[in-house]
2 protein chains.
Amino acid sequence: MTSLPSLNALRAFDAVARLGSVTAAAEALHVTHGAVSRQLRTLEAHFGTPLFDKSGRGLVLTAHGRLLQPSIREAFSRLGEGCAALARELESQPFTLACPGSLLARWLIPRLDRLNADLPALRLRVVSSEGELDPRREDIDATLRFAAPPWPADIAVFPLQAERIVAVATPAVWAHTPHATADAMLGAATLLDTASRPQAWPQWAAAMGVEPATLAAARQRGRTFEHLYYLLEAALAGLGVAIAPELLVANDLTQGRLVAPWPALETNAALGLWLAPGRERRRGEHLAAWLVRELAAG
Amino acid sequence: MTSLPSLNALRAFDAVARLGSVTAAAEALHVTHGAVSRQLRTLEAHFGTPLFDKSGRGLVLTAHGRLLQPSIREAFSRLGEGCAALARELESQPFTLACPGSLLARWLIPRLDRLNADLPALRLRVVSSEGELDPRREDIDATLRFAAPPWPADIAVFPLQAERIVAVATPAVWAHTPHATADAMLGAATLLDTASRPQAWPQWAAAMGVEPATLAAARQRGRTFEHLYYLLEAALAGLGVAIAPELLVANDLTQGRLVAPWPALETNAALGLWLAPGRERRRGEHLAAWLVRELAAG
DNA sequence: CTGATCTGTGAGAAAATCTCACGCAATGGC
DNA sequence: GCCATTGCGTGAGATTTTCTCACAGATCAG
C-alpha cells in the first residue's frame, strides 16, 4: 500500500488546479502564495513528477496533473459535503440556553423577541433550570448565569459584565424606614434575603462599613426566600429591603416601582455565558456576541 | 462557506471509524494512539459534538459520527485511488538511466540481466549519454557517473563508492617498460590519457611522489583519447600505460589481460547515482540500493 | 482480584507549515 | 520598445501543528 502524500499538499493542489493560479489558491486558503507554492513542490516531490507547467503568468496542469485532478477534486468536494451536512444537522437542532428563573423573567424574556429576530439561525430554546445549571448536561448547550471565579476549568466562560448588587425597596417601604446611613437602615428595615446568595448582604454591609453584628441582628428579623425570583416579588410587594443584581431590577428602578438609595456595588462575581466543553462553539460565540451588544446598549 | 476541519483529523476519524479502535487506527497511520486520540478530540471540538462513544474497550460512532462517516470514507478512498492511479502510471513508464559509455560497457552491461531480473518493476532503460549527462534532462531519470564533490545542490546524489584509479598496461607492455619505480616507468612508458579526466595522471604522479616535470615530459610522449572507452581499448591493444578507474578494469586485471604493478589509489571523486530534482525518488532509491549491493558483492 | 488491553491527557520535542522579503520572468499599456 | 504590474519560486526563520512519552483511569477475562 502506497502512502498518501500530505493532505494539505493535496488541498493546495486542488485549489490551484481549480483556480488556475497559486495566488488565487493562496487567497482561497487564507495563506500566502509562498505557502501554496511550497505545498505544490512537496506534492511534486512526492510523486516525482511535475504536476503543473508555467504558462505565461499562470499555471496549467501537466498530463500527470490532469490524471490526478478529477479524483482529488471529487474527494475534496465529498469531504466538504460531508462536513457541511453534519454542520447543517447540528445547526438545525435548537440551541438550548439554561438560565436561572429570575434572570430569565426579568432580563431575558423582555429581550427574547429581539434576540430571535437578530439570530434566527440560532433556533434558541430557553429553559429556566430549577436547580442544576451545569452546561455539561446533555440537554443544555449553554448557561447564562452569575458566578464568581474560579470557574470550572473544563467550561468555556464568556464573561459579559461584572455583577453589581443594589439594595432596593418600594418607595412606601423607604417612607417609613430610616435610611440616612446603612447602619440606620439595617437597624430598622426588614431584610429580604435569598438562600441561593447568602453572601449578598454581608458583601454589601462590609462595603458600607457596617459591623457584622449589626447585620446579623438585621438578618434575624428578615425573611429568606428560596429563589431570587421570589425575593424580588417580595420586594415589589413592599415586604422589605432586598438585595439583588442591578441588572434584574434596572427596569423597576427606572419605572419607580423600586428605589435604591445607595449606588450599586460591584462584586467579584460576573454574569457569564458558560459553554459546555465539546459543544457547538460557533453558536455559543454568536450568542455571547449578541449578549455583549445587548448589555452595552443598556 | 464553512471551513473544513483539519484534514489530518478527518483522516484519523476515518481510520478509527473503519477499524473501531484508536489503537488499531494509530497502527495503521504509523503514529501513537495518543496522537490519534488528540486528533479525534480536535475534530469533535471543531464540530462541537461527540463523534464516538466509548463502548467497553473500543469506540462506536455516535449518531453524528454515523452521519459523517460515509462521506469521509468515500472521500479518502477517492484520494487513495487517485494517487494510486498516478503512481501506477509513473511506475509503468521506463526508468531511464544515463551512464558514460565506458562504465556502461565495462561494468553495467555485464550486470544488466541480473539487474533487470532483480528489479523488474524498475523497467530500466539504459542510455549511454555521449556528452551531456545532466539528469535534469527531460528524458533522463538518473545518471550513474564518477565525479568529485561539490555536487550540484539541486541534485540528489547517492554516493556509492570512492573512485580508485590504477595504472594499467598489458603484460607485453610491462615486459619492455621499466617499472621498478613510478619515476622509472614515467621516464620510459608511453602514457595513455583521456581528455575527460585530465587530473588522473597528475593525481597519480603526485601520490607516487613524482616530480611534476617528469610527468609533464612523459605526457608529451603520450597519446590522448577523447573518451575513456577508447583509452581502455588502446591499453588493451598494448599501446601504452593507461590510468583508469579500477572498477572499469577489474575484470581485465582478473583475467590477466591487463596488469597493475601498483595498488589502486583512492581519489576524491566518487561513483554516484545522481537523481534529478523532482523526479521519482522511489525508483531511484531502489536502483541505488541495488547498486550498493552489487558493488559490495565485488 | 489481577493482569492485559484499552482510551485520555500533560509536557515537551519534533515536524510541518507559514510568513516575510526578495529575485526573476512574463505581460500589457503607453 | 519600455517599464510598471502581476505572478511564481525560494531562503531563512518564526509559528503552529502534530507527535511521542509516560502515566492515569477504565474495562474485561479468567
Inset, instruction - Rounded to the nearest angstrom, tell me the gap between atom CG in B/Leu29 and atom C1' in C/dA16. - result: 17 Å

Legend entry - Option from A/Leu115, A/Leu119, A/Leu108, A/Thr96 for which side chain to side chain contact (heavy atoms under 4.5 Å, CB included) with A/Leu124 holds: A/Leu115

Legend entry - Short side-chain N/O contact from B/Thr42 to OP1 or OP2 of D/dT17, under 4.0 Å: no

Legend entry - Whole-Å gap separating C1' (C/dG8) and CD (B/Gln39): 14 Å

Inset, instruction - Between D/dC8, C/dT19, D/dT20, spot the one nearest the side chain of B/Thr32, thanks. - result: D/dT20

Legend entry - N/O (side chain, A/Ser21) to phosphate O (OP1/OP2, D/dC8) under 4.0 Å: yes

Inset, instruction - Using atom CZ of B/Arg11 as one end and atom P of C/dA16 as the other, report the distance to the nearest whole Å. - result: 12 Å

Inset, instruction - Could you say whether A/Gly58 or B/Leu7 is positioned toward the 5' end of DNA chain D, judged by the nucleotide with the nearest heavy atom to each? - result: A/Gly58

Legend entry - Along DNA chain D (nearest heavy atom to each residue), the more 5'-positioned of B/Val36 and A/Val22: A/Val22

Inset, instruction - Please check if the side chain of A/Gln93 supplies one atom and the backbone of A/Arg123 the other of a donor-acceptor pair under 3.5 Å. - result: no

Inset, instruction - Please state how far atom CG in B/Asp53 lies from atom P in D/dT27, giving the value in whole angstrom units. - result: 13 Å

Inset, instruction - Could you state the atom-to-atom distance from CG of A/Leu19 to P of D/dC8 in whole Å? - result: 11 Å

Inset, instruction - Find the distance B/His33:NE2 to C/dG10:P and express it as a whole number of Å. - result: 13 Å

Inset, instruction - Write down the distance between CZ (B/Arg38) and P (D/dT18), rounded to a whole number of angstrom. - result: 12 Å

Legend entry - Any donor-acceptor pair under 3.5 Å from B/Arg145 side chain to B/Pro100 backbone: no

Inset, instruction - Could you check A/Ala9 against B/Ser37 and say which one's nearest nucleotide on DNA chain C is further toward the 5' end? - result: B/Ser37

Inset, instruction - Taking A/Gln161 for its side chain and A/Leu271 for its backbone only, find out whether a donor-acceptor pair lies under 3.5 Å. - result: no

Inset, instruction - Could you tell me the separation between the CG atom of B/Leu51 and the P atom of C/dT7, rounded to a whole number of Å? - result: 16 Å

Legend entry - A/Arg41 vs D/dT10: side-chain N/O to OP1/OP2 distance below 4.0 Å: yes

Legend entry - Nearest-neighbour nucleotide for the B/Ser6 side chain, D/dC19, C/dC18, D/dT18 considered: D/dT18

Inset, instruction - Answer yes if the side chains of A/Glu81 and B/Ser71 hold a donor-acceptor pair under 3.5 Å, and no otherwise. - result: no

